[in-house]
Amino acid sequence: GNSVTQMEGPVTLSEEAFLTINCTYTATGYPSLFWYVQYPGEGLQLLLKATKADDKGSNKGFEATYRKETTSFHLEKGSVQVSDSAVYFCALYGGGTSYGKLTFGQGTILTVHP
Amino acid sequence: DTAVSQTPKYLVTQMGNDKSIKCEQNLGHDTMYWYKQDSKKFLKIMFSYNNKELIINETVPNRFSPKSPDKAHLNLHINSLELGDSAVYFCASSQVVSGYGYTFGSGTRLTVV
C-alpha cells in the first residue's frame, strides 16, 4: 500500500535559518504529492503540491520538487520566520485502490525562535 | 464565513458514554471525510461520503458510525467511548472524490477520561 515517511521532529530553528523537512514515499503508479501545514488550533491547509515527476511546487517561500528517482518530496525554505512555526505534513494521493484517500506522513513540528 | 465547521471544538467525556461530532460545509462540495489524528500527530482516514453515499469505510471499530443527512453535513457518532478514542477528529470536504482540493475543518479534540 501507499505510505509516507517524514523526518522525525521536532525541528527548532532561529529566524532566517534554512529549513529542510525530508519526505519519502512508497506508492504504486504515479501519485500526486502535497505538503500541508497545520497552525496551532487550526485545521490543515494545503501549502503546495506537485502532480508529476520533476514538478516543483512553491508557495509563501516554500518549495518542494517531486523526485521520482529517489521517491522524495523534501520541503525547503531559504529563510524561516517565527510565523512559520506549525506542524508540516507530507501527503500523497495515488488514485486506484486509494480512491479519495490522502495518505499522510506523521507530521513534523517546526518551531522558529526570534 | 467558515468553509468547514465542526462542533464541538473540545469534548471531554467519560468512558462508556456515547457522543456525536457534527460537521458542516458551505462550499457546495459533494464529498466529505472524517480523519483521525492521534497523539503523535499521525492522520488517518476513517470515512468518506459522496452525495450522502458511504464510499470509504476504513478499518474502524463499529462503535464509530458516520451519518450524512445531506451532502453539506457529515456527523460522527461514537458509542461506548474508550480511552483509546482520545484524538483530534478532522472533517474535510472536496468537490469530487479525489485527493485534490481538500478543505479541512479546525478539528474536534476528544478526550476520554
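Note on naming: letters A, B, ... go to the chains in the order of the sequence lines (proteins, then strands), and numbering restarts at 1 for each one.
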Contact class of L46(A) relative to chain B, heavy atoms under 4.5 angstrom: neither

Are L110(A) and L47(A) connected in a single hydrophobic cluster, I mean Ile/Leu/Val/Met/Phe/Trp/Tyr linked by side-chain heavy atoms less than 4.5 Å apart? yes

Cross-interface N/O pairs, chain B with chain A, donor-acceptor, under 3.5 angstrom:
{"from": "K9(B)", "atom 1": "NZ", "to": "G41(A)", "atom 2": "O", "distance (Å)": "3.3"}
{"from": "Y35(B)", "atom 1": "OH", "to": "L102(A)", "atom 2": "N", "distance (Å)": "3.1"}
{"from": "Q37(B)", "atom 1": "NE2", "to": "Q38(A)", "atom 2": "OE1", "distance (Å)": "3.3"}
{"from": "E58(B)", "atom 1": "OE2", "to": "K101(A)", "atom 2": "NZ", "distance (Å)": "2.7"}
{"from": "Y100(B)", "atom 1": "OH", "to": "S32(A)", "atom 2": "OG", "distance (Å)": "2.4"}
{"from": "Y102(B)", "atom 1": "OH", "to": "G100(A)", "atom 2": "O", "distance (Å)": "2.8"}

Which atoms of L43(B) come close to chain A, meaning under 4.5 Å heavy atom to heavy atom: side chain ones, backbone ones, both, or neither? both

Tell me whether L76(B) shares a hydrophobic cluster with V4(B), the cluster being built from Ile, Leu, Val, Met, Phe, Trp, Tyr side chains joined at under 4.5 Å. no

Set of side-chain contact (heavy atoms from CB on, under 4.5 Å) partners for P69(B), sequence neighbours left out: H73(B), N75(B)

Look at the side-chain heavy atoms of Ile, Leu, Val, Met, Phe, Trp and Tyr, link any pair under 4.5 Å apart, and say whether L48(A) and I21(A) land in one connected group. yes

Kindly work out whether a path of hydrophobic side-chain contacts (I/L/V/M/F/W/Y, heavy atoms less than 4.5 Å apart) joins L54(B) to M46(B). yes

Identify which of G99(B), G101(B), G105(B) forms the greatest number of heavy-atom pairs closer than 4.5 Å to chain A. G99(B)

Would you say I56(B) and L74(B) are hydrophobically clustered, going by side-chain heavy atoms of ILVMFWY under 4.5 Å? no

